2 protein chains.
Amino acid sequence: MNSAAAIRRYRRSGHKVTPQRVAVLRALEALRGRHPAASDILALVRREQPRVSPATVYRILHELCDMGQAVALDLGDGRARFDINPVPHAHLVCEACGRVEDLLWSLDLTRVPDRLRKGFLVTGAQVTLVGRCPACHRGEVTAIPSG
Amino acid sequence: MNSAAAIRRYRRSGHKVTPQRVAVLRALEALRGRHPAASDILALVRREQPRVSPATVYRILHELCDMGQAVALDLGDGRARFDINPVPHAHLVCEACGRVEDLLWSLDLTRVPDRLRKGFLVTGAQVTLVGRCPACHRGEVTAIPSG
DNA sequence: GTAGGTGCAAAATTTTTGCATGTTA
DNA sequence: TAACATGCAAAAATTTTGCACCTAC
């Protein structure tokens, strides 16, 4: 249960430690590595506390991202996905079925050559590789998909 | 006016060449490099053809992405951005003001080591670097911005 | 007790869909 | 003219906001 550190950080930062905040942290912990959308997190939180509202979950997720406890991902399907305390990594997304896999490829993309940086201070990177997962790729050699 | 090639491709693929398709292509051409959202493209199209509907623009943008004439980007603000015929490149996004700059960094990320690929066939990559643009970075050393 | 947090409901955005009508080839 | 494309309006889905009430400290 790693969420203890995040709870301490809430306390130290002057935020209150509420049951809702604890529940979101625990849900993120339980879903670590599964790239949950806000609705997935809400669903898990509601298994214990059915009256928690979407607004609260969104507010807490934003806080956690601001605090650096979590990161928001854009995997191309129009909703935000969340990761708690992630080891930096890239993602493989199947454009056919939407499957997402972590890609533990160590690229330190924050070290952009100064010449190209346009004065930006780069603090994070998001790398998404798009393609076909094995299952969706298999039928493709002999038959080009209609879409 | 590079959209001529795309128009030819429409004709060859059995799609009809409609004024709406031509207008979307010309808008994408005019906005090349500006990372327009669908609403930006619609607004430009409507300067010439006020009755074009959002649904039509979305349908045409999807077609163009499927045809490989354009790409959709996720820059982290909840709406899709579009680029026509882009040279592959990464993006710098300012997390404070939302400014987006191209980053002409030649990384061939589709060459993922086999060991890590998990069987995926990788066809494209999206690299987004997040940080602070020069303007938003400047005041930060002495004063943390309120937003 | 008070500052801050939450639930609810409504709104705002973006994107999709159904269907009657219009248009390209 | 026949298949395809569009406009319109409504729906869907996600995320944000206003406000009265509640609670952690």
Side-chain angles (χ1 to χ4, degrees), chain A residues 6-27 35-46 48-67 70-82 98 146-147, chain B residues 6-27 35-46 48-67 70-82 98 146-147:
Chain A
I7 293 176
R8 255 178 270 126
R9 233 166 278 209
Y10 262 130
R11 194 159 273 134
R12 258 182 277 149
S13 67
H15 285 112
K16 293 175 180 172
V17 177
T18 64
Q20 292 87 342
R21 281 181 174 144
V22 174
V24 169
L25 283 168
R26 298 216 298 191
H35 315 100
S39 59
D40 301 318
I41 296 160
L42 176 64
L44 191 48
V45 165
R46 280 186 164 170
E48 310 272 325
Q49 311 193 27
R51 316 194 65 102
V52 170
S53 77
T56 296
V57 168
Y58 278 105
R59 284 186 285 236
I60 292 173
L61 288 171
H62 282 169
E63 282 169 6
L64 290 171
C65 291
D66 290 347
M67 295 165 71
V71 296
L73 306 173
D74 250 317
L75 298 180
D77 68 343
R79 45 198 192 144
R81 314 294 200 89
F82 298 88
S146 58
Chain B
I7 292 176
R8 256 177 270 126
R9 233 165 279 211
Y10 261 129
R11 194 160 274 133
R12 258 182 278 149
S13 67
H15 286 110
K16 294 174 179 171
V17 177
T18 64
Q20 293 87 342
R21 283 181 172 142
V22 174
V24 168
L25 283 168
R26 298 215 299 190
H35 315 99
S39 60
D40 302 318
I41 296 159
L42 176 65
L44 190 48
V45 166
R46 280 186 164 169
E48 310 272 325
Q49 310 193 29
R51 314 194 66 104
V52 171
S53 78
T56 297
V57 168
Y58 278 104
R59 285 186 284 236
I60 292 173
L61 288 171
H62 283 169
E63 281 169 5
L64 290 171
C65 292
D66 290 348
M67 295 165 70
V71 297
L73 306 172
D74 249 319
L75 298 179
D77 68 344
R79 44 197 193 146
R81 314 294 199 90
F82 298 88
S146 57

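Quick note on labels: first sequence line is chain A, next is B, and so on, each numbered from 1. What you see is a predicted model, and the numbers here were worked out from it, not measured in a lab.
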[atom1] of [X] versus [atom2] of [N]: gap in Å, rounded?
X: Arg51(A); N: dC22(D); atom1: CZ; atom2: P; result: 12 Å
X: Leu61(A); N: dT14(D); atom1: CG; atom2: C1'; result: 13 Å
X: Arg12(B); N: dA25(C); atom1: CZ; atom2: P; result: 15 Å
X: Arg11(B); N: dC4(D); atom1: CZ; atom2: P; result: 17 Å
X: Tyr10(B); N: dA3(D); atom1: OH; atom2: P; result: 21 Å
X: Leu42(B); N: dC8(D); atom1: CG; atom2: P; result: 11 Å
X: Phe82(A); N: dT14(D); atom1: CZ; atom2: P; result: 12 Å
X: Asp77(B); N: dT14(C); atom1: CG; atom2: P; result: 8 Å

(message) Quick check against the 3.5 Å criterion: does Arg21(A) have a side-chain atom that pairs as donor or acceptor with the backbone of Lys16(A)?
(response) yes

Short side-chain N/O contact from [X] to OP1 or OP2 of [N], under 4.0 Å:
X: Gln20(A); N: dT23(D); result: no
X: His62(A); N: dT16(D); result: yes
X: Tyr58(A); N: dT15(D); result: yes
X: Gln49(B); N: dG7(D); result: no
X: Ser53(B); N: dC8(D); result: no
X: Arg21(A); N: dG5(C); result: yes
X: Arg79(A); N: dT14(C); result: no

(message) So, taking the atom named CZ in Arg11(B) and the one named CZ in Arg8(B), what distance separates them when rounded to the nearest 0.5 Å?
(response) 10.0 Å

(message) Working to the nearest 0.5 angstrom, can you tell me the gap between Asp74(B) CG and Arg79(B) CZ?
(response)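 Rounded to the nearest 0.5 Å, the CG-CZ separation comes out at 11.5 Å.
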
(message) Both Lys16(B) and Pro19(B) contact DNA chain D. Which one's nearest nucleotide lies toward the 5' end?
(response) Lys16(B)

(message) Are there over 12 heavy-atom neighbours, none belonging to Gln49(B), within less than 6.0 Å of that residue's CD?
(response)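 Enclosed: over 12 neighbouring heavy atoms sit under 6.0 Å from CD of Gln49(B).
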
Which part of the nucleic acid, if any, lies within reach of [X] when heavy atoms closer than 4.0 Å are counted: base, sugar-phosphate only, or nothing?
X: Thr18(A); result: sugar-phosphate
X: Arg59(B); result: base
X: Ala55(A); result: base

(message) Assuming nearest nucleotide by heavy-atom distance, tell me which of Ile60(A) and His15(B) is located more 5' along DNA chain C.
(response) Ile60(A)

(message) The side chain of Val17(A) is closest to which nucleotide in this list: dA25(C), dC8(D), dC25(D)?
(response)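 When the side chain of Val17(A) is considered, dC25(D) is the closest of dA25(C), dC8(D), dC25(D).
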
(message) Could you report the tightest heavy-atom contact between His35(A) and Leu73(A), atom names first, then the distance?
(response)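 Closest approach of His35(A) to Leu73(A): CD2-CD1, 4.0 Å.
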
(message) Evaluate Val24(A) against Thr56(A) for side-chain contact (heavy atoms from CB on, under 4.5 Å), listing each step before the verdict.
(response) CA-CA 10 Å; Val24(A) 169; Thr56(A) 296; over 6 Å; no

